[in-house]
Amino acid sequence: MKKKLVVVGNGMVGHAFLDKFVSSSAFADYAVTVFGEEPRVAYDRVYLSSYFSGKTAEDLSLVPVGFYESNGIDIRLNEKVMSIDTTAQTITTASGVSMAYDKLVLATGSYPFVPPIEGNNRDACLVYRTIEDLEAMKEAATRSKIGVVVGGGLLGLEAAKALVDLGLQTHVVEFAPRLMPVQLDNGGASMLRRKIEKLGVKIHTSKGTKIIEDGETARHKMVFNDGESLETDFILFSAGIRPRDELAKQSGIAMGARGGIVINDQCQTSAAHVYAIGECALHGGMIYGLVAPGYAMAQVVVDQLNHKPAAFAGADMSTKLKLMGVDVASIGDPHGTDEAAKSYIYENGPQEVYKKLVVSSDGKKLLGAVLVGDVDDYGNLLQLKLNDMNLPEHPDDLILPARSGSKPAFGADALPDSAQLCSCYDVSKGKIIQAIDDGATCLADVKNATKACTGCGGCTQLVTSVVNAELAKRGVEVSKAICEHFPYSRQELYHIVKVEGHKDFESVLHAHGEGHGCDICKPAIGSILGSVWNAYALDKKNIPLQDTNDRYLGNMQKDGTYSIIPRVPGGEITPDKLIVLGQVAKDYQLYTKINGGQRIVLFGAKLPDMPTIWQRLIDAGFESGQAYAKALRTVKSCVGSTWCRYGMLDSVKMAIDLENRYKGVRSPHKMKMGVSGCTRECAEAQAKDVGVIATENGWNLFVCGNGGMKPRHADLFAVDLDEATLYKYIDRFIMFYIQTAGRLERTATWLGNLEGGIDYLRQVVIEDSLGIGMHLEMQMQALVDTYQCDWQQVVDDPEKAKLFYNFVNDDAKDPEQLYVRERGQLRPATAQEKLESLAIELV
Amino acid sequence: MSEFIKICALSDLIPDAGIPALLNGKAIALFYVDGQVYALSNYDPIGQANVISRGIVGSIKGELVVASPLYKEHYSLSTGVCVEKSDATLTVYAVKVEGGDVWVA
Ligand code: SRM
Ligand SMILES: Cc1cc2nc3c(=O)[nH]c(=O)nc-3n(C[C@H](O)[C@H](O)[C@H](O)COP(=O)(O)OP(=O)(O)OC[C@H]3O[C@@H](n4cnc5c(N)ncnc54)[C@H](O)[C@@H]3O)c2cc1C
Ligand code: SF4
Ligand code: FES
């Protein structure tokens, strides 16, 4: 008989526990039941606010579909556990179910603390912790103009962002004299305040609320202890969290003086066989309000169930986050509570950067740090602190701008293998080295193997530098040379071509390469010449650079024939055009198929026929679909508002316009787009490099999605855009991709390797942090203005049409191209069929 | 040794690229690199189609090669031997250029 394990609470930590437990050997010995009070399985509270910028409850889910079922875990949602009998070892739920346990894990989390102010339960006075809370906020926001967040801590500022996203005029009221009083010192907090106020949020510090009553101009009036008051329609309490310990308390399990289920280093409570993990647990007098320590506790319990020694040794509370677009980080003790501690402060007013270091009295160790506005040093400083490493002689060098290049090189090598680089997934430097030894050859591989960087993303920079350093050590070519002929990356070659104005391969090779070039560098440079100058593939000097698909403007099939794929923008096609396609297919005996890109493909075109086939298609109003090129392929669209009863906007028109704008633009790899008319997403836009989805208020833009071998959902990039802004962002996005991606790197992989990730991309594209926005737009416009249909140019120029022949000296057919009739059409004969010379039809 | 046959004018060739031709009913590929003409069989023994002339020409460690457009194996222009799989070979034909014409045997 299996032993019984019961888990109470299916939040972030409760789920992490099960996730770890199922892949451990002890899982086989237990029958597991989980009770969750919420109506849904665990979801990501850390990213809760992204619900307001377009993510859905499903997006936030932490549980892969079918996870519990396929692992045979009995999960019961909407079911609150009401009591525990620790002697009989049973629990009882609200619906009266009673169940015995051999082991019990409490992961009941915490709840938002609402200060006991008179009027705190009035209409539109809410908290922020669950998806239901978000729905209530959304509803209340529709009835409100002004919103106040009570509490200027980390969560409060996060909540303020949510109110701004909901379109409210937003205020933050903080009891303490500064924002984020726990994590920041005065200097850091006032820099943060200045930056946030610039975003239109009003901050009120040193304000205690006495009462909330009827307002005159708004729903409520908040009266403060100092007699002042503030009118608002909506109040959100974010004044700290309290552990959900009521269940344990009633059951006689030991509590801390100010709440929290007391646990030891093994996460055991005072009752035998009962563990507590996550935000409900009190360890060493601390409640940890972050996920990472909860995950560590979950691991400790899993280890014990597997009879492995394990201990929770407390956790570091350092944080790095983006609050309303402002970078903020806090490490260790930033207040210098230790009397003898010394501090260093760097403040740059014009650039709004503040940094402070707190060091031990002997100047050897880092005790704490505060960074506002520029958190690049976070990774280094955190490692110094966590590993108790010695500081350099002049610790302030660590935070001073590296203008003179004098910043102490704190290399990845200096870290011990035990250094934890990614706290979200507890990935140490050692684990990264292991992943590389097991075959990972780039950052993306390491991310896949270890999950590092895939939580909050805060560790990306550090992980990147460790990965690069380790690869370099193994002599793995971190060499960026694209091949033996050029010691440069594609990105560098792009800049060389652009800046030095090279117009052909020979001149780039002459100036920067050696040998004859090859099938790697030639197409790469051919594509760059296309991206920079719109160079035409069939100009004589460019022909040797082209892959066969580009050289013959079609995809080569296995028998050496080509496919014909005319552009069908947005998938919209007239009956007349359909008839022409059908007629051409019939006349040339082409196999016809509706392909995955919402257009029609004709297979089996012989080289000598291609110019005449295209002549007929062009006469009928078609143009090249560039299905052969590293360029925009298709923009898929759904039905959209013209016909569909749910459509918010005209997705077909948008798809056609996008396709016509970006068609022919040569890029490092192919690009695909999709446009859906509403969130039902029938066009699968989130599986595309660029996805656009209509909302009530405009267009949501998604980027860097991908089908293919490693599918990746696109990231929501910006919301509710008008058309002009949408085009502006897409122009910039594509041009930036073209300029910086590696050879044959699709946007998803490119993003995976882009230092700073999606946040950095947003800075460049939306905030124009590099100041190149206009440039990118102008370059795109130049490409758009010089677009020409590849096939039109062949059809117009007899010299080019002459390039399509089977033999330079004979009109014969290719003797290897033999066909078999199947399902009413022709297909290439197999080798066997050719041998048997049966069922072969010569065309 | 078989006889040289006139195939085409030198000006029909594309520098640094290949073109297809027919020699006694056999498909061949002509390449024109650094002033020199090379003739090899056009049949890709791995991809099993007449496509070698449509591959990209280049060099690997100094040796001139063509990459098959189907699955990208490289063949030496002078010996026809496949770099990746030495048991795959293209036939190499003798070439001469006379009076602006290309002759292959
Ligand atoms: C014709 C078509 C299949 C069909 O009959 O439906 C097709 C055919 C080919 N696909 Fe595809 N893909 C087709 C839609 C897709 C889709 C679906 C879509 O676009 O919505 C995908 C997944 C979406 C995506 O790309 O993210 C797709 C993912 C791929 C991939 C994997 C790309 C990746 O990033 O992992 C390749 C390989 C590559 O490009 O390196 C590929 C490569 C190819 C090539 C070019 C392979 C080749 O070199 O021969 C095929 C060319 C056949 C030809 O002669 O045109 N095809 N291919 C579709 C043409 C659409 C069009 O009109 O342009
Ligand atoms: C807006 C927001 C932003 C945040 N940002 C960050 C961040 O950037 N970084 C970070 O590290 N942390 C962040 N956090 C904190 C993080 O979400 C928590 O640390 C984490 O959710 C704790 O996990 P848990 O499982 O202990 O609790 P929870 O996720 O709260 O899960 C507890 C679950 O138990 C259920 N439950 C309680 N009692 C019972 C019962 N008797 N019977 C059945 N079920 C019960 C509850 O309904 C709940 O579903 C944020 C939190 C919020 C709200
Ligand atoms: S995505 Fe929405 S608008 Fe488009 S077809 Fe589907 S349901 Fe209709
Ligand atoms: S630290 Fe959060 S993802 Fe690595």
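Note on naming: letters A, B, ... go to the chains in the order of the sequence lines (proteins, then strands), and numbering restarts at 1 for each one.
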**Request:** For residues B:Val95 and B:Val102, determine if any side-chain heavy atom of one lies less than 4.5 Å from a side-chain heavy atom of the other.
**Result:** yes
**Residue selection (most heavy-atom pairs with chain A, distance under 4.5 Å) from B:Val57, B:Ile28, B:Val65** = B:Val57
**Prompt:** What do the steps show when you test B:Leu40 against B:Leu77 for side chain to side chain contact (heavy atoms under 4.5 Å, CB included), and what is the final call?
**Reply:** CA-CA 7 Å; B:Leu40 299 104; B:Leu77 287 187; 3.8 Å; yes
**Request:** Using non-hydrogen atoms and a 4.5 Å limit, figure out which bit of A:Leu545 sits close to chain B: side chain, backbone, both or neither.
**Result:** backbone
**Prompt:** Which one of A:Ala812, A:Ala831, A:Gly560 has the most heavy-atom pairs closer than 4.5 Å to chain B?
**Reply:** A:Gly560
**Prompt:** Do A:Leu538 and A:Leu553 have side-chain heavy atoms sitting under 4.5 Å apart?
**Reply:** yes
**Request:** Nearest 0.5 Å please: distance from the CD1 atom of A:Ile543 over to the CD1 atom of B:Ile19.
**Result:** 11.0 Å
**Message:** Below 4.5 Å, heavy-atom pairs only: which of A:Gly515, A:Cys518, A:Gly517, A:Cys521 has the largest tally toward chain B?
**Reply:** A:Gly517
**Asked** Is the number of heavy atoms from other residues, nucleotides or ligands under 6.0 Å of B:Lys85 NZ greater than 12?
**Response** no
**Prompt:** Is there side-chain contact between A:Ile496 and A:Ile528, with at least one heavy-atom pair below 4.5 Å?
**Reply:** no
N/O donor-acceptor pairs between chain B and chain A, cut-off 3.5 Å:
{"residue": "B:Gly18", "atom": "O", "partner": "A:Arg551", "partner atom": "NH1", "Å": "3.2"}
{"residue": "B:Gly18", "atom": "O", "partner": "A:Arg551", "partner atom": "NH2", "Å": "2.8"}
{"residue": "B:Pro20", "atom": "O", "partner": "A:Val808", "partner atom": "N", "Å": "2.8"}
{"residue": "B:Leu22", "atom": "N", "partner": "A:Asn809", "partner atom": "OD1", "Å": "2.9"}
{"residue": "B:Leu22", "atom": "O", "partner": "A:Asn809", "partner atom": "ND2", "Å": "2.7"}
{"residue": "B:Asp34", "atom": "OD2", "partner": "A:His516", "partner atom": "NE2", "Å": "2.6"}
{"residue": "B:Asn50", "atom": "ND2", "partner": "A:Asp814", "partner atom": "OD1", "Å": "2.8"}
{"residue": "B:Arg54", "atom": "NH1", "partner": "A:Gly560", "partner atom": "O", "Å": "2.8"}
{"residue": "B:Arg54", "atom": "NH1", "partner": "A:Tyr562", "partner atom": "OH", "Å": "2.9"}
{"residue": "B:Arg54", "atom": "NH2", "partner": "A:Gly560", "partner atom": "O", "Å": "3.4"}
{"residue": "B:Val57", "atom": "O", "partner": "A:Lys522", "partner atom": "NZ", "Å": "2.4"}
{"residue": "B:Ser59", "atom": "N", "partner": "A:Gly517", "partner atom": "O", "Å": "2.8"}
{"residue": "B:Ser59", "atom": "O", "partner": "A:His485", "partner atom": "NE2", "Å": "2.8"}
{"residue": "B:Ser59", "atom": "OG", "partner": "A:His485", "partner atom": "NE2", "Å": "3.0"}
{"residue": "B:Ser59", "atom": "OG", "partner": "A:His516", "partner atom": "N", "Å": "3.0"}
{"residue": "B:Lys61", "atom": "N", "partner": "A:Glu484", "partner atom": "OE1", "Å": "3.4"}
{"residue": "B:Lys61", "atom": "N", "partner": "A:Glu484", "partner atom": "OE2", "Å": "2.6"}
{"residue": "B:His74", "atom": "NE2", "partner": "A:Asp519", "partner atom": "OD1", "Å": "2.8"}
{"residue": "B:His74", "atom": "NE2", "partner": "A:Asp519", "partner atom": "OD2", "Å": "3.3"}

**Option in B:Leu23, B:Ile7, B:Val51 with maximal non-hydrogen atom pairs under 4.5 Å from chain A** = B:Ile7
**Prompt:** So which heavy atom on A:Ile613 is nearest to which on A:Ala605, and how close?
**Reply:** CD1-CB, 3.9 Å
**Message:** Just so I understand: if I count every heavy-atom pair under 4.5 Å between each of B:Ala17, B:Gly58, B:Ala21, B:Ala49 and chain A, which residue has the most?
**Reply:** B:Ala21
**Request:** Kindly compute the distance separating CG (B:Asp87) from CD1 (B:Ile46), expressed to the nearest 0.5 Å.
**Result:** 7.5 Å
**Asked** Would you say the side chain of B:Leu30 lies within less than 4.5 Å of the side chain of B:Leu13, judging by non-hydrogen atoms?
**Response** yes
